[in-house]
Amino acid sequence: MNHWLMKTEPSTFGIDDLERAPKRTTMWDGVRNYQARNLLRDDFAKGDRAFLYHSSCAVPGIVGVMRVVRAGYPDPTDRESARPTWYAVDVQLERRLSRVITLEELRAHATRCLAKLVLLQRGNRLSVMPVSAAHFEFILSLE
DNA sequence: GCCAACGTTGGC
DNA sequence: GCCAACGTTGGC
């Protein structure tokens with residue numbers, strides 16, 4: 001069972017939108033980065049849990065926990081796919097956190113508990129990234 | 001709006 | 001295959 005962190009810009013699609021979506025479920029599409037694509041295609045499994053992360057906003061941070069309800073499949077928004085290039089997954093909101101676990105707060109643990117967290121690595125630009133089980137639990141304990 | 005950092009593109 | 005130019009991401 002893998003754990004993930006998935007970034008979204010709340011001005012485009014955020015936790016409020018996901019909460020209102022039918023079955024609190026959405027197709028996570030539009031990823032156009034090969035490394036992230038490979039994760040979606042090869043490593044995302046039904047039942048995996050993922051943090052929902054708000055980026056490019058006033059208070060960047062983790063706002064919810066999601067469940068992967070459909071593993072990787074060809075992204076239907078990928079128009080020119082004779083062979084599929086891009087992949088999507090379906091995720092369901094499990095719960096909204098009682099508060100935002102902010103990027104600033106995660107950074108406060110960057111030299112210790114969260115030293116290897118991909119989100120905190122220099123120059124990281126992945127929109128979908130793995131989180132270790134230990135990191136996942138630690139972050140939840142901050143709530 | 002700025003800018004650092006990275007991915008992608010395309011000329012050679 | 002190299003690498004400069006360009007585009008994008010995302011925090012601040």
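Reckoned from all heavy atoms, side chains included, excluding hydrogens, waters and symmetry mates. Below, read A as the first sequence line, B as the second, and so on, with proteins coming before strands; counting in each chain starts at 1.
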Quick check: closest heavy atoms across Trp4(A) and Phe136(A), and the distance to 0.1 Å? O-CE1, 4.0 Å
Do any N or O atoms from the side chain of Gln121(A) and from the backbone of Ala115(A) form a donor-acceptor pair under 3.5 angstrom? yes
Considering only heavy atoms from C-beta outward, does the side chain of His135(A) approach that of Lys116(A) to under 4.5 Å? yes
From the 5' end of DNA chain C to its 3' end, which nucleotides mark the outer limits of contact with chain A, defined by a 4.0 Å heavy-atom distance cut-off (strictly under)? dG7(C) to dC12(C)
When you measure from the side chain of Ser127(A) to the backbone of Lys7(A), do you find a donor-acceptor pair of N or O atoms at a distance under 3.5 Å? no
Cation-pi check for Tyr73(A) against Arg70(A): NZ or CZ below 6.0 Å from the six-membered ring centre and within 45 degrees of the axis, yes or no? yes
How is Ser56(A) classified with respect to the nucleic acid when contacts are heavy atoms under 4.0 Å: base, sugar-phosphate, or nothing? base
